[in-house]
2 protein chains.
Amino acid sequence: MARQQDDARERLIEGTSELLWERGYVGVSPAAILRRSGVGQGSMYHHFQGKGDLVLAAERHSAALMQEELRSVLTGEGTAFDRIAAYLLRERDALRGCRVGRLVADPEVVVNDQLREPVRETFALLHKFLVDVIEEGRAAGEFAPELDAEETADTLAAVVQGGYALARAEQSVVPYERAVRGALALLKAAAPSAG
Amino acid sequence: MARQQDDARERLIEGTSELLWERGYVGVSPAAILRRSGVGQGSMYHHFQGKGDLVLAAERHSAALMQEELRSVLTGEGTAFDRIAAYLLRERDALRGCRVGRLVADPEVVVNDQLREPVRETFALLHKFLVDVIEEGRAAGEFAPELDAEETADTLAAVVQGGYALARAEQSVVPYERAVRGALALLKAAAPSAG
DNA sequence: GTCTATACGATGATAGAC
DNA sequence: GTCTATCATCGTATAGAC
């Protein structure tokens, strides 16, 4: 009974989150959303107050997907180094970039705390996961005791986000792959025995 | 005699490159450009064929500024490590991000080879400067011989670009600063004697 | 819940006077 | 070179029928 309505609502959210990934907030129009979602205009303004409202729901959808993926990769089994390597090397389309990180390039998102919140929250969670992994690795003797977990966590997160920028500039995944392999090599060299 | 005309042309280019930095291609309108530049509509369509043409000129302006800055910081005096540190730590407003790198987040720029070219060229030059510095450092015994220059160069470039994304998400320069300090610490640990 | 019709400002550009 | 109309189209939303 609630089937039909939920379909339209979900299709709008999924279509919008795809479009946001591709074009950002200012690059997306209601008309494009309707085309992508295969939903009529009446439905959209019935389920959502307007573009901003729908975009917020779509951002939260993207953030939830990303957070679940991060949790799965970074809090699983394996050594600290292996989990970090799994995060950096996991299958992805580097040319598409990050569906969450992409949003902070948008002028309307950065200026609006509500629209920025899902991104902030996701990056905060990523930071926490990485800090935990690094501290575990230090405790296990994988990394040198001097390695600063907070700093290194942000270095790794930045390598991923920045790697996407390099890849898009070249329209090639090569710079992304070089960036993450370089980061892993540096991290490997931070082992207590290395040098 | 050519003074007045050049003024309008230059003001348009500078105003547009500022707006591009803030809002990207899809977020900028001719009306906004005229307001920012203090120039009339007639001037704009006299000096440029349209938005795309003007944006291309503005991109080239931004790219030239950035390339000169990179050259100045990375090919100057000092040890390899010091020059890399100077690049990562140089004064900047991390919340504004990179006036060139910002452009690859724009859907219309990535899809258009002409609009993408100034970004590609700038990142290629940055890559070259960093590779050269790293190889110099390796030759001078500052870095371990195993350090891969191509990979490490992209790691460092990515840390900077990605650091901006983290900073914008938090609306704080702290994540950016942590990211670059973490990168420098890892690089320091890559010295032949370290470990 | 969904549809179509309607509205109105913004966008991106052209035309012709000065 | 610059200015002021003028224009077609798009973006964003509302109204009211079904």
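Note that these values count all heavy atoms, side chains included, but never hydrogens, waters or copies made by symmetry. Here is the naming used below: chain letters follow the sequence lines, and residue numbers restart at 1 for every chain.
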| field | Beyond-backbone contact of F81(B) with L184(B), side-chain heavy atoms, under 4.5 angstrom | value | yes
| query | Considering residues at least two apart in sequence or located in another chain, which fulfil the side chain to side chain donor-acceptor pair (under 3.5 Å) criterion with R138(B)? | reply | none
| Does a side-chain N-to-carboxylate-O contact under 4.0 Å join R99(B) and E18(B)? | no
| How would you list, by chain and number, every residue that makes a side chain to side chain donor-acceptor pair (under 3.5 Å) with E117(B), sequence neighbours excluded? | R120(B)
| field | Closest listed nucleotide, where the reference is the side chain of K51(A) and the choices are dG12(C), dT12(D), dT2(D) | value | dT12(D)
| Distance below 4.0 Å between H47(A) side-chain N/O and dT2(C) OP1 or OP2 | yes
| field | side chain to side chain donor-acceptor pair (under 3.5 Å) contacts touching residues 155-166 of chain B (sequence neighbours left out) | value | R92(B)-Y164(B)
| said: In the structure I gave you, are the side-chain heavy atoms of V109(B) and V104(B) within less than 4.5 Å of one another anywhere? | reply: no
| task | Please state how far atom NE2 in H46(A) lies from atom C1' in dC3(C), giving the value in whole angstrom units. | result | 13 Å
| In whole angstroms, how far is the P atom of dG12(C) from the CZ atom of F48(B)? | 16 Å
| Excluding sequence neighbours, so at least two apart, what forms side chain to side chain donor-acceptor pair (under 3.5 Å) with E22(A)? | R36(A)
Look for any protein N or O under 3.5 Å of an N or O in nucleotides 16-18 of chain C and output each such pair with its distance, or none.
none

| Under 3.5 Å, is there a donor-acceptor pair between the side chain of D154(A) and the main chain of R178(B)? | no
| Near DNA chain C, under 4.0 Å by heavy atom, which residues of residues 17-45 of chain B? | V28(B), S29(B), P30(B), Q41(B), Y45(B)
